Structures are given as structure tokens and as C-alpha cells.
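What follows is a short report on a single structure.
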Amino acid sequence: MASPYTLLKFLSESRFSSGTGIAAALGVSRAAVCKSVRRLQELGVVVDAVPGRGYRLRDPVDLLDPAEIRRGSAAVSAKVGELYCFEELDSTNRFLLQKARQGVTNPQICLAERQTAGRGRRGRSWYSPFAANIYASVLWSFMRPASELGALGLAMGVATVRALEILGCRDLGLKWPNDIHWQGRKLGGLLLELAACEADGPCRVVVGLGLNVRMPRGSGTDDIGQPWTDVATVLGGTGPSRSGIAAVVLEQMVVALEAFDTHGITPFLEDWRRLDLAAGRPLELHLGERLCRGTGKGIDVQGRLLMETEGRIDAFAAGEVSLRLSS
Ligand code: BTN
């Protein structure tokens, strides 16, 4: 049977196509074409069936193109071995973690049009509808041990914002440790997972980015659980293709991964301070059942959040707390 994705590519390149014409072109039965059309509709792609004329996509679908991503990013072309691009995957992070466990050490990237079990921070899931946003993971090997990677997530947040600013986004901020925000709404987030680390030696990490680009308005977003936005809204129009955006973002991420291994958090501190949404603000920190209140005082070199409470400054690591910005 024709995969729904093959059918989608076919329909993207034609105006109207009859069921018989599609079946002949793809070498499948008409029943298989009908099944793939139904599957596309389940994925949220609107396919019009016009009697006497055939099938047509109601709106163009912006599919990822790995060749365009490589062309658009010198760092990805030069440094990254495999660039996987799946129609559907449980989780791009999970896929690259498995590669690392299998012994892969060179940099790899994995993107998916859709994730069925996208992972968020703190055990949450990441809503990943088809052909709408960017779900990307990068596998990277560091010379530094895991104990020196505490601030890596913050550096990756800065790298993502740098990319979005290159694309024309303004008024972005970072909510510690690595949520990308615009006007109080979440635009994207990062999930870092350690893949294979020796006690005091080199360490492999998977950096996963979920970036809302053109989130479909509909029931699926009800469970996101916090105010969200997307790049199209921030740019006030449709903006570049998802591959164009992915190229710029992955370029900045790869450059930042190299810089972090050599210099640590230092080259990111100035931008972090500019983007830090918690600095000088009243904060609420949830440590399991315990709630602490104070004022944001920036970060330390390990990427820990500094909060002042009654004249005392405490440092908190990302794994142990969840942050709320009070108004
Ligand atoms: C967060 O909770 O803010 C982090 C979300 C990270 C989601 C991305 S999507 C690509 C990669 N694969 C995953 O399963 N998760 C990350």
C-alpha cells in the first residue's frame, strides 16, 4: 500500500488527481489510495474529494526536507554524520539515545513530522502533531564529564533564541532552565538526556528541541496545560518553511554545542542575562511538596538558579525544582 506520506507528496505536487490516476502512478490499488486518504485525514491533513475531478489538498503542507536543512546550515553539513527525518516516530530523543547506547559517537540529528510519544521535561509528554512544528534531537559527544554539563541546557536555550532572532522573532525570553517564551506564552522547550557517560570522562548527550511553528488550532492543544504560542504568531505571518527554520536553529545548536565543549557557559552568559525572565522577579519554586518564594538573582556557572530569600541566596539545580514566575 502507498504510505500516506507518499500520497501526501504526490498530492503536494499536483492540483487534482483521480483515485485511478493516483493508484496507477503509485503502483497501488484504489482501495489502498482510499485508506491512505483516510489516514491523512486522521493526521489532520484536509483532503478534498471533488466528484468527477479527484483528490486535492485543501492547503499546502509544509513537509521537512533534509536536503534543504543541510543546504541551509554549514555547521550541520560539516559536523553532523546522519540526519534522520522520519514521517512518524515515538520520540526523536528516544531514537538517538538508542543510537548512543549502540555505540554511535559522531554527531547525529533526528527530526520527525510527528511524534507519538514525544517527551517533555519532568516526565510530561510533548504534543507533536503532524507537519506542524519542529521536533528535533541532536546527539553530541562531549570531552567534558557529566558533572560539567549542568549549564548545557541553558546554553541550548540561548542558541535557540539566537536562531529565532536571526529569523526575525523579537521580545523572546528564557524561563529557567530552558523554556522559550514570548509574551508570557511558551514557544518551545528543550529536553536534555544523558546517553552514555564514563565516570569522569567523555559524555554523550541527546538535546531535544520542541518548537511550535504552526500549531493547528484544535482540540489536541487542550492538554498542553499552559499558555502557548508558535513562530507564525510571533512573526505575524506564515514565515519561512519548517526546513528553513530547522536549518537556522540546528546551525545555532551545533555551533553552540562545540562552543560549550570548549568554553562552557561563558560565551552564553551575556545573552542569558539579556533573556532571563526570572532575574529580579518574584519567584515560586516547587521542590516536591515544598514551596519556596524569593526573588530571581540570575544563575551560577553550573546553570543553577539563584534565588534570594530574606537576604540569603540559594542555588537550585534544574532536576530538583519547578519554577513559577509570580506577577
Ligand atoms: C519541555 O518539556 O519543555 C521539553 C520538550 C522537549 C520536546 C522535544 S520534541 C523533540 C525531542 N523528542 C522528544 O521526545 N522530546 C524532545
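Residues: numbered from 1 along the sequence shown. Read the numbers this way: they start at 1 and go in the same order the structure lists the ligands and their atoms. Not measured: the values here are computed from a predicted model.
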Problem set entry | Contacting atoms of ligand 1, where contact means under 4.0 angstrom from a heavy atom of Asp179 | 3 (O)
Exercise. Going by distance only, is there an N or O of Tyr135 that falls short of 3.5 Å from an N or O of ligand 1?
Worked result: no
Seminar exercise, completed: What one should report as the nearest heavy-atom pair of Gly303 and Trp176 is O-NE1, 2.9 Å
Exercise. With a cut-off of 4.0 Å, which atoms of ligand 1 are near a heavy atom of Ser137?
Worked result: 11 (C), 12 (N)
For this session: Quick one: pull up NE2 in His286 and SG in Cys292 and give me the separation to the nearest 0.5 Å.
Result: 9.5 Å
Exercise. For atom 5 (C) of ligand 1, what's the nearest protein heavy atom and its distance?
Worked result: Trp126 CE3, 3.3 Å
Exercise. Counting only heavy atoms not in Lys79, do more than 12 sit closer than 6.0 Å to its NZ atom?
Worked result: no
Exercise. Okay, side chain of Asp48, backbone of Val50: is any donor-acceptor separation there less than 3.5 Å?
Worked result: no
Exercise. Heavy atom of Arg124 under 4.0 Å from ligand 1?
Worked result: no
For this session: Return the residue, atom name and 0.1 Å-rounded distance of the protein heavy atom closest to atom 9 (S) of ligand 1.
Result: Gln115 NE2, 3.3 Å
For this session: Show which atoms of ligand 1 fall inside a sub-4.0 Å distance from at least one heavy-atom site of Leu190.
Result: 4 (C)
For this session: Look at atom 3 (O) of ligand 1 and find which of Glu193, Arg121, Lys186 reaches it with the closest heavy atom.
Result: Lys186
For this session: Specify the closest pair of heavy atoms between Ala146 and Cys203, including all atoms of both residues, with the distance to one decimal.
Result: CB-SG, 3.9 Å
Seminar exercise, completed: shortest atom 7 (C) of ligand 1-to-protein heavy-atom contact is with Arg119 O, 3.4 Å
For this session: Within a distance under 4.0 Å of any heavy atom of Thr92, pick out the atoms of ligand 1 and give their elements.
Result: 10 (C), 11 (C), 12 (N)
Exercise. Which of the atoms of ligand 1 are close to Ala136, meaning less than 4.0 Å from one of its heavy atoms?
Worked result: 10 (C)
Exercise. Do the side chains of Leu63 and Tyr5 get nearer than 4.5 Å, heavy atoms only?
Worked result: yes
Seminar exercise, completed: Atoms of ligand 1 under 4.0 Å from any heavy atom of Gly118, numbered from 1 in the order shown, are 14 (O)
For this session: Check whether the side chains of Asp62 and Ser241 place a donor and an acceptor atom closer than 3.5 Å, and report yes or no.
Result: no
Problem set entry | Test item, Arg94 contacting ligand 1 (heavy atom, 4.0 angstrom) | no
Exercise. Is it true that a side-chain atom of Asn178 and a backbone atom of Leu154 form a donor plus acceptor pair closer than 3.5 Å?
Worked result: no
Exercise. Parallel, tilted or perpendicular: which describes the rings of Tyr84 and Phe95, with under 30° parallel and over 60° perpendicular?
Worked result: perpendicular
